[in-house]
**Student:** 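Just passing along the structure, written as C-alpha cells.
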Amino acid sequence: MADTRKRVAVLISGRGSNLGALIDAAAASDFPAEITLVISNVPDAAGLDRARQNGISSFVIDHRQYETKAAFEDEIDARLREAAIDLICLAGFMRILSTEFVEAWRDRLLNIHPSLLPMFPGLDTHARALAAGVKEHGASVHFVRAETDQGPVVAQSKVPILADDTPDMLAARVLDAEHRLYPIALKLVAGGKARMVGERVMIDDSEASGGVTAGATAP
Ligand code: GRF
C-alpha cells in the first residue's frame, strides 16, 4: 500500500526536545506524518544528535555562511523541495523567516510558541507571564504568518501558574505541555482534520484531551 503519511521537516536551532516528541509520536503506526528531514541553522545543535540516532536525514544550514537572508532561505527551500516535504514544523528555530518564505509555505508551516497566543509573543514568555500576574500560561501551535508569533492557532495547552513559580519552574511545566501539544497539533494537520476557514482553524474531529484545546470544533 502506498505510504500516505505526510513528509515533515523539522527546523531547529538548539536542544530539540520538541523534535524528540514529534519523532516519538511519529513512531506510532497510525500517526499520519513521518519526520523525514531535520534542518538546523546552528552547527552543534543538540537536536541534530536526536535526528542522527533515529536515522533521519539532517542538514546544517548555517545562516552565517550566507550573504543574504534570501540566499539562506533559498538553500532551506531547496532542501525541503528535494526531500518532497509536505509540512514544516518550526521547533525552537531562532531565525525569523521572510514574508516570501512564509507565503511560499502558507498553511504548510507550523510553529510552537511557549505562551497562550496572542499573549506574550517574542522571547522570555515565562518571566513576562509571571510579571503580568496572569493565572494561566501555556503553549500554542499555530500556522506561521509573516508577523512573528502570529497566525491561526491549531491547538493550545494551558498550564496553571503556581504561587511560588520561578520562570524556570514555569518553563519546565510549559515544556512538558509542549511535548504533548505539538504531536496532537501535527496529527490534526497531517491527518487533514484541521481546515482553514478564513483565518481560523476548524477541527473536524478534535482529539483534544489532557488540557489541549484544538482550534474550534467545526459545526
Ligand atoms: C520551546 O519552548 C518552543 O516553544 C520555543 O523554543 C523552545 C524550543 O525547545 N519556540 P526545544 O529545542 O524543542 O527543546
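Here the structure is a predicted model, which is why all the values come from computation and not from measurement. Atoms within a ligand are numbered from 1 in the order they appear, just like the ligands themselves.
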**Student:** Looking only at distances, please establish whether an N/O atom of ligand 1 is found under 3.5 Å from an N/O atom of Asn111.
**Tutor:** no
**Student:** Determine whether the aromatic ring centres of His113 and His142 lie less than 6.0 Å apart.
**Tutor:** no
**Student:** What's the shortest distance from atom 11 (P) of ligand 1 to any protein heavy atom, and which residue and atom give it?
**Tutor:** Ser17 N, 3.4 Å
**Student:** Against heavy atoms of Arg15, which atoms of ligand 1 measure under 4.0 Å?
**Tutor:** 9 (O), 11 (P), 12 (O), 14 (O)
**Student:** Identify the protein heavy atom lying closest to atom 6 (O) of ligand 1, giving its residue, its atom name and the separation to 0.1 Å.
**Tutor:** Gly92 CA, 3.5 Å
**Student:** In the structure I gave you, are the side-chain heavy atoms of Gln150 and Asn111 within less than 4.5 Å of one another anywhere?
**Tutor:** no
**Student:** Taking distance alone, with N or O pairs closer than 3.5 Å, would you say Ile112 contacts ligand 1?
**Tutor:** yes
**Student:** Going by heavy atoms, is Gly47 under 4.0 Å from ligand 1?
**Tutor:**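 No, Gly47 has no heavy atom closer than 4.0 Å to ligand 1.
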**Student:** Can any side-chain N or O of Asp165 pair as donor or acceptor with the backbone N or O of Leu162 at less than 3.5 Å?
**Tutor:** yes
**Student:** Please determine if Arg128 forms a cation-pi arrangement with Phe120, meaning its NZ or CZ atom is less than 6.0 Å from the six-membered ring centre and no more than 45° off the ring axis.
**Tutor:** no
**Student:** Considering only protein heavy atoms, which is closest to atom 12 (O) of ligand 1, and at what distance to one decimal place?
**Tutor:** Gly16 N, 2.8 Å
**Student:** For ligand 1, which atoms, with element, lie under 4.0 Å from some heavy atom of Pro114?
**Tutor:** 4 (O), 5 (C)
**Student:** Taking all heavy atoms of Ile203 and all of Ala194, pick out the closest pair and write down the distance.
**Tutor:**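 So the minimum-distance heavy-atom pair works out to CD1-CB, 3.9 Å.
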**Student:** If you measure from atom 4 (O) of ligand 1 to every heavy atom of Glu178, His179, His126, which option wins on shortest distance?
**Tutor:** Glu178
**Student:** Report the C-alpha separation of Arg145 and Asp107 in whole Å, then their side-chain angles, then the decisive distance to 0.1 Å, and conclude whether the salt bridge (charged side-chain N to carboxylate O under 4.0 Å, His left out) test is met.
**Tutor:** CA-CA 9 Å; Arg145 295 292 183 259; Asp107 297 343; 2.8 Å; yes
**Student:** Under 30°, 30 to 60°, or over 60°: which ring-plane class applies to Tyr66 and Phe72, parallel, tilted or perpendicular?
**Tutor:**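 Because their plane-to-plane angle lies in the 30° to 60° range, the rings of Tyr66 and Phe72 count as tilted.
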**Student:** May I ask you to check if ligand 1 and Leu175 share an N or O to N or O distance below 3.5 Å?
**Tutor:**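 Looking only at distances, the answer is no, because the N/O contact criterion of under 3.5 Å is not met.
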